[in-house]
Amino acid sequence: MGFVVAIDGPAASGKGTIAVRLGRALGLPVLDTGLLYRAVGVLVLRAGRDPDDEVAALAAANTIDSAILEDLDLRTDAAAEAASRIAVHVSVRKALLAYQRAFAAREPGAILDGRDIGSVVAPRAAAKLFVTASAEARARRRWAELAARGDKVSYEETLVDIRRRDDRDQGRAAAPMSVAADAVLLDTTDLSIDRAFDAARRIVEAARARWEQSRTA
Ligand code: C5P
């Protein structure tokens, strides 16, 4: 197995940006696993079905391939909301597991970000990070992002959305978002994205040195 980096955390914590920058710095491919869940959510909505309907969501999950991950509709808040609803279905999570594990098995390694990477998808990852920030800081970031895109949503509404998604992701029975016992916690509430990335890079480089040592030992 190559050098696998598992990055988990809630929405707008900075984990996605950190994953992409780490990928560039380490020369490793990056999988944003949230896109898989968003794709299933969007396909269910397009089929005119309800994301709470497990049968409809599983049928959509079985058609997922890498092409759909490029779809622009996946970036919307409607996609995020549908994603967190289909993500509670055990059969759907199972259907998406093979794709994620195959990605993690690539040589010379891979970076995956999501909610359950360190706990379920890649429990043996050599580096595990849990990136978080206060709900208010995350709502401010998301709101600034939406405002820059011309979206007229209010900060208060954004905070409510973030909290609802946190509650659903933490409270579900199947693979709830959690901090793996061997993950390093990185709180980005008071950090710029550059500082957060620097901190993440140091943690991952230390893990890489340990991983290389254990292979040659
Ligand atoms: O990370 P992102 O906001 O794109 O994820 C959308 C939703 O997909 C999350 O709120 C969560 O419900 C679900 N998800 C998950 N497990 C992952 C990645 C995302 O349950 N590994």
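Just follow the structure's listing: the first ligand is 1, and inside any ligand the first atom is 1.
- Distance check: R141 CZ to I162 CD1 gives 9.5 Å after rounding to the nearest 0.5 Å.
- Looking at residues two or more places apart in sequence or on another chain, you find a side-chain hydrogen bond (donor to acceptor under 3.5 Å, both in side chains) between K128 and D182.
- Taking the side chain as every heavy atom from C-beta outward, V5 and L112 never approach each other to under 4.5 Å.
- With a 4.5 Å cut-off between side-chain heavy atoms of Ile, Leu, Val, Met, Phe, Trp and Tyr, the cluster of L45 takes in none.
- Only side-chain heavy atoms of R93 come within less than 4.0 Å of ligand 1; its backbone N, CA, C and O stay farther off.
- Here R168 has no heavy atoms under 4.0 Å from ligand 1, in either its backbone or its side chain.
- Side-chain atoms of T76 come within 3.5 Å of backbone N or O of A79 as a donor-acceptor pair.
- Looking from atom 4 (O) of ligand 1 to the surrounding protein, the closest heavy atom is R38 NE, 2.6 Å.
- Contact annotation for A87 and ligand 1: only side-chain heavy atoms (C-beta onward) come within less than 4.0 Å of the ligand.
- The distance criterion of under 3.5 Å between nitrogen or oxygen atoms is not met by D113 with respect to ligand 1.
- Among D77, L112, D169, the residue whose heavy atom sits closest to atom 10 (O) of ligand 1 is D169.
- Each of V204 and V179 belongs to its own hydrophobic cluster when Ile, Leu, Val, Met, Phe, Trp and Tyr are linked at side-chain heavy-atom distances under 4.5 angstrom.
- More than 12 heavy atoms of other residues, nucleotides or ligands lie within 6.0 Å of CZ in R46, so this atom counts as buried by the packing criterion.
- In this structure, the protein non-hydrogen atom closest to atom 14 (N) of ligand 1 is Y37 CD1, 3.6 Å.
- Residues D194 and S192 bring no donor and acceptor atom of their side chains to less than 3.5 Å of each other.
- Residue-to-ligand polar distances keep D32 apart from ligand 1: every N/O pair is separated by 3.5 Å or more.
- Nearest protein heavy-atom contact of atom 3 (O) of ligand 1 is R165 NH1, 3.0 Å.
- Near G114, with a cut-off below 4.0 Å to any heavy atom, the atoms of ligand 1 are 18 (C), 21 (N).
- With 3.5 Å as the limit, one finds no donor-acceptor pair spanning the side chains of R115 and Y37.
- The shell of residues lying under 4.0 angstrom from ligand 1, judged by heavy atoms, includes K15.
- Side chain to side chain, S84 and R168 meet the donor-acceptor criterion of an N or O pair below 3.5 Å.
- Ranking protein heavy atoms by distance to atom 18 (C) of ligand 1, first place goes to T33 OG1, 3.4 Å.
- Numbered from 1 in the order shown, with element, the atoms of ligand 1 that lie under 4.0 Å from a heavy atom of A83 read 6 (C), 7 (C), 8 (O).
- Ligand 1 does not have R85 within reach: every non-hydrogen atom of the residue lies 4.0 Å or more from it.
- If you check each of A12, G41, G34 against atom 5 (O) of ligand 1, the one with the closest non-hydrogen atom is G34.
- By the 3.5 Å distance cut-off applied to N or O atoms, R172 is counted among the residues near ligand 1.
- Applying the salt bridge (Lys or Arg N to Asp or Glu O under 4.0 Å) test between E81 and each of R165, R164, R38 identifies R164 as the sole match.
- Here R115 has heavy atoms under 4.0 Å from ligand 1 in both its backbone and its side chain.
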